[in-house]
There are 2 protein chains.
Amino acid sequence: MQDEAVVYIIDDDASLREALDSLFRSTGLSTRQYDSVAAFMAAAPPADTPGCLVLDVRLPGMSGLDFQQKLDELGIRLPAILMTGHGDIPMTVRAMKAGAVDFLAKPFRDQEMLDAVAIALDRGRQQRIASAKIEALKALHATLSPRERQVMALVSAGLLNKQVAGELDLSEITVKIHRGSAMRKMGAKTLADLVRMAEALGLAPE
Amino acid sequence: MQDEAVVYIIDDDASLREALDSLFRSTGLSTRQYDSVAAFMAAAPPADTPGCLVLDVRLPGMSGLDFQQKLDELGIRLPAILMTGHGDIPMTVRAMKAGAVDFLAKPFRDQEMLDAVAIALDRGRQQRIASAKIEALKALHATLSPRERQVMALVSAGLLNKQVAGELDLSEITVKIHRGSAMRKMGAKTLADLVRMAEALGLAPE
DNA sequence: AAGCCAATTATATCATTGTATGATAGCGCG
DNA sequence: CGCGCTATCATACAATGATATAATTGGCTT
């Protein structure tokens, strides 16, 4: 597994927290314990570190289901595993639709939880890899001047320099300059690279 | 909703089938009824027509859950809504993980089922649109000669004609021929188009 | 006010690409 | 055997793209 990963345990039952804590630590995972959603939010802003949530659906204050939704709205992409003592089917469906990695009815076997955590951490890793690529591209794209961005979009759409010039009411030479600058700033060695970058950035001409 | 869409109802309870049947027909949907998975498989090969499945998890012969998996293995992408009279949480989780649109515990309200069907049909529509694009591209790609495919892959990767020629031990002129043929056959007006097609086809130069 | 940067245009040179024309060769199929 | 397709290479020309040098303008910062 990944030993830098942190499992955030949120449950109001201290004995269960401790049990999970030792289970995870026995496999080399780091853990954090919280007795409520509020405690989690107050304590640890889970930046972009690897990890996952393990939480009960019924918690003091905010339910695990609402929390799941709230995290999503906040843009915090942390894979979640939900637990429940008295869950029903609609609750399960809602959790899974909201993207939960798993939904475990208490009592569950240690191995079930460990498997779920492994999947959650892997899913989180994939998400981080994917979003890191996009973020890197966005960062590069942000360094472009407005004109360079326009030219990049049109060139990536397949327009010739001449056509871009007509579209933006510029001379072809100017387009070449911006095009070259955009390629250099984006780190694109070839036009194919630039097209793929524009694709990943979702650049659509107008 | 979509009135060409067909809802395939699979349940061994004839009265429930009839109830669902009239519910769906009242909203303009077409329906087909089957009392088992075997009957469905024997009767209707659900080609590429819009539609979705509504089936019980417990069925004579093969369970709805196993059927879900089997359909996936057969490459039949038909969104499924599962129903259950005595379902539990693990069963629900398994169904949702397998891609079920919804999992409804009997008894459910008519509107819940209709909402689920609407979502299922929409999801199916999206899938068909996406796969139709890919299939069209694959069909075009299949008309390319082996050389044209090689050249297309390398050109899309960003190599210059000269570099492609070196890679394939050809003259630059020959590369141009194949490149032009590939562009024409694929219907790509610009290099950017070809790159996007190669991307969609998952063409990676080894 | 001076300096920096984005944006613009121009000239010039060189590499790359697109396309047409022509030619040769192997392969399978009726 | 001839026909068509694929594959190969060549010459030639026109269009396009990449890059450097140089100059002008306007906005923003120091």
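Order of the sequence lines sets the chain letters (A, B, ...), proteins ahead of strands, with each chain counted from 1.
Between the P atom of dT8(C) and the CG atom of L168(A) lies a distance of 8 Å, rounded to the nearest Å. Regarding R149(A), its CZ atom lies at a distance of 12 Å from the P atom of dA6(C), rounded to whole Å. Taking atom CD of Q150(B) as the reference point, atom P of dT8(D) lies 8 Å away to the nearest angstrom. The CG atom of D193(B) sits 13 Å away from the P atom of dG18(C) (whole-angstrom rounding).
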Are there any protein N/O atoms within less than 3.5 Å of an N/O atom in nucleotides 27-29 of chain C, and if so, which ones and at what distance?
none

Tabulated below should be each protein N or O lying under 3.5 Å from an N or O of nucleotides 11-21 of chain D; please produce it.
from    : atom 1 : to      : atom 2 : distance (Å)
dT16(D) : OP2    : K162(A) : NZ     : 2.5
dG17(D) : OP2    : N161(A) : N      : 3.2
dG17(D) : OP2    : N161(A) : ND2    : 3.4
dG17(D) : N7     : K176(A) : NZ     : 3.2
dA18(D) : OP2    : R179(A) : NE     : 3.0

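Where L144(B) and S171(B) each meet DNA chain D at their nearest nucleotide, the meeting point lying more 5' is that of L144(B).
OP1 or OP2 of dT6(D) has not a single side-chain nitrogen or oxygen of H178(B) nearer than 4.0 Å. Not one side-chain nitrogen or oxygen of T174(A) sits closer than 4.0 Å to the OP1 or OP2 atom of dT8(C).
Crowding of R58(B) atom CZ: a count of heavy atoms from other residues, nucleotides or ligands under 6.0 Å not exceeding 12.
Inter-residue side-chain proximity for V164(A) and V155(A) is flagged as met; some heavy-atom pair is nearer than 4.5 Å. When side chains are defined from C-beta on, T92(B) does not count as touching M96(A), because their heavy atoms never get closer than 4.5 Å. Using a 4.5 Å cut-off on side-chain heavy atoms (C-beta onward), T84(B) and F103(B) make contact. For the pair L29(B)/V6(B), no side-chain contact is recorded, criterion being any heavy-atom separation below 4.5 Å from C-beta on. Side-chain atoms of Y34(B) and L55(B), non-hydrogen and from C-beta on, never get closer than 4.5 Å to each other. Looking at R94(A) and Q68(A), their side chains never come closer than 4.5 Å, going by heavy atoms from C-beta outward. Counting heavy atoms from C-beta on, the side chains of H141(A) and L203(A) come closer than 4.5 Å.
The residue from V57(A), L59(A), L82(A), L53(A) that alone fulfils the side chain to side chain contact (heavy atoms under 4.5 Å, CB included) condition with F67(A) is L53(A).
Ion pair D21(A)/R25(A) flagged as a salt bridge, since at least one NZ, NE, NH1 or NH2 atom sits closer than 4.0 Å to an Asp/Glu carboxylate oxygen.
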Under 4.0 Å protein heavy-atom contacts per nucleotide of nucleotides 24-29 of chain D, with B for base, S for backbone only and - for none: ------
Test side-chain contact (heavy atoms from CB on, under 4.5 Å) applied to V93(B) and K97(B), step by step: CA-CA 6 Å; V93(B) 170; K97(B) 280 184 180 174; 3.6 Å; yes
